[in-house]
Number of protein chains: 2
Amino acid sequence: MHSLEALADPTRRRIVELLSERERTAGELVESFDISAPAISQHLNVLRAAGLVSTRADGQRRIQSLNRAGLDEIGRWLETTRAFWSRRLDTLERELRAEDAKARRKSP
Amino acid sequence: MHSLEALADPTRRRIVELLSERERTAGELVESFDISAPAISQHLNVLRAAGLVSTRADGQRRIQSLNRAGLDEIGRWLETTRAFWSRRLDTLERELRAEDAKARRKSP
DNA sequence: TGCTTAATTAAGATTAAGCTTAATTATTAG
DNA sequence: CTAATAATTAAGCTTAATCTTAATTAAGCA
């Protein structure tokens with residue numbers, strides 16, 4: 001269970017949020033923060049080790065994207081504590097559906 | 001967003017797992033680990049600050065139980081990264097329903 | 001009352017996380 | 001080939017996390 005450890009850091013959570021919008025190069029991510037490029041690179045190492053992010057090369061750029069594997073790991077942990085979590089997940093799922101329906105009504 | 005930080009530690013994750021089965025006193029939790037009582041007490045402080053655990057007194061015992069608030073915070077974060085996560089949540093939700101149905105068939 | 005049990009807070013040591021600058025690798029452009 | 005760009009790895013520093021033992025609080029019981 002590395003993925004929850006990876007998401008403990010606020011900078012790494014922000015990286016995941018940015019990548020959930022769209023893929024970005026390491027350099028683009030650096031511009032979004034006030035810390036050095038090596039610091040971002042190290043955070044990406046952690047996210048990669050946790051299976052949350054995948055990196056592919058495009059010339060001298062490194063394109064970062066979110067990876068399903070790390071999310072599955074969190075899902076699996078949620079299942080183990082399911083007795084308590086499941087009701088909450090049901091509620092969340094309903095909220096998501098309601099929001100989706102609302103969004104679809106606005107832009108069908 | 002303290003709850004993801006609280007769940008970064010493996011001991012605290014285990015505490016949450018144990019409490020998802022049933023409420024336990026601080027002393028019962030201590031017996032489940034190889035670390036000192038003060039260490040467990042400190043972990044419970046973190047979980048309490050994150051809103052994941054509630055503590056109520058019963059005489060000289062302190063009964064620990066899981067709290068909905070911390071889980072809601074994680075749910076909210078999942079919503080912010082929803083674009084990517086929602087499909088995963090749908091899948092997880094289906095799995096949970098399938099397992100529930102199976103369990104209900106065994107013991108109706 | 002005083003003694004025991006349950007749990008906490010306090011203080012200090014050790015380890016690990018996260019940041020920096022400097023050096024290194026690899027790719028593109030002149 | 002050389003210089004510039006993109007990103008990484010390496011080394012070292014600082015702060016924060018986690019554990020320990022010792023001291024403290026509070027409740028139950030002879």
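Throughout, a chain's letter reflects where its sequence line sits, starting with A, and its residues are numbered from 1.
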Contact class for A:Ala39 (heavy atom, under 4.0 Å): base, sugar-phosphate, or nothing? base

In whole Å, I'd like the distance from the [atom1] atom of [X] to the [atom2] atom of [N].
{"X": "B:Ile40", "N": "C:dA7", "atom1": "CD1", "atom2": "P", "answer": "12 Å"}
{"X": "A:His2", "N": "C:dA16", "atom1": "NE2", "atom2": "P", "answer": "14 Å"}
{"X": "B:Asn45", "N": "D:dC19", "atom1": "CG", "atom2": "C1'", "answer": "14 Å"}
{"X": "B:Leu29", "N": "C:dT8", "atom1": "CG", "atom2": "C1'", "answer": "15 Å"}
{"X": "B:Ile35", "N": "D:dT20", "atom1": "CD1", "atom2": "P", "answer": "6 Å"}
{"X": "B:Glu31", "N": "C:dA7", "atom1": "CD", "atom2": "C1'", "answer": "13 Å"}
{"X": "A:Arg61", "N": "C:dT25", "atom1": "CZ", "atom2": "C1'", "answer": "17 Å"}
{"X": "A:Gln42", "N": "C:dA22", "atom1": "CD", "atom2": "C1'", "answer": "13 Å"}

Phosphate OP1/OP2 of [N]: any [X] side-chain N/O under 4.0 Å:
{"X": "A:Arg12", "N": "C:dG18", "result": "yes"}
{"X": "A:His43", "N": "C:dC19", "result": "yes"}
{"X": "A:Ser36", "N": "C:dT20", "result": "yes"}
{"X": "A:Arg48", "N": "D:dT8", "result": "yes"}

Got a salt bridge between A:Glu23 and A:Arg56, using NZ or NE/NH1/NH2 to carboxylate O under 4.0 Å? yes

Below 4.0 angstrom, N of the basic side chain to O of the carboxylate: do A:Arg13 and B:Glu5 qualify? yes

Which nucleotide, [options], lies nearest any side-chain atom of [X]?
{"X": "B:Gln64", "options": "C:dT8, D:dT9, D:dC19", "result": "C:dT8"}
{"X": "A:Gln60", "options": "C:dC19, D:dT9, C:dA26", "result": "C:dA26"}
{"X": "A:Asp9", "options": "C:dG18, C:dT28, D:dT20", "result": "C:dG18"}
{"X": "B:Ser41", "options": "D:dT9, C:dT9, D:dT8", "result": "C:dT9"}
{"X": "A:Arg62", "options": "D:dT8, C:dT8, C:dT20", "result": "D:dT8"}

Consider only side-chain N and O atoms of B:Thr55 and B:Arg48, and report whether a donor and an acceptor are under 3.5 Å apart. yes

Has B:Asp58 got a side-chain atom pairing as donor or acceptor with B:Arg61's backbone, closer than 3.5 angstrom? no

When A:Thr11 and B:Thr55 are each assigned the nearest nucleotide of DNA chain C, the 5'-most assignment goes to B:Thr55

Can you work out whether A:Asp58 or A:Asp34 has the more 5'-proximal nearest nucleotide on DNA chain C? A:Asp34

Which heavy atom of A:Gln64 sits nearest to which heavy atom of A:Thr25, and what is that distance?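 Distance-wise, the nearest heavy atoms are CG-C, 4.4 Å.
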
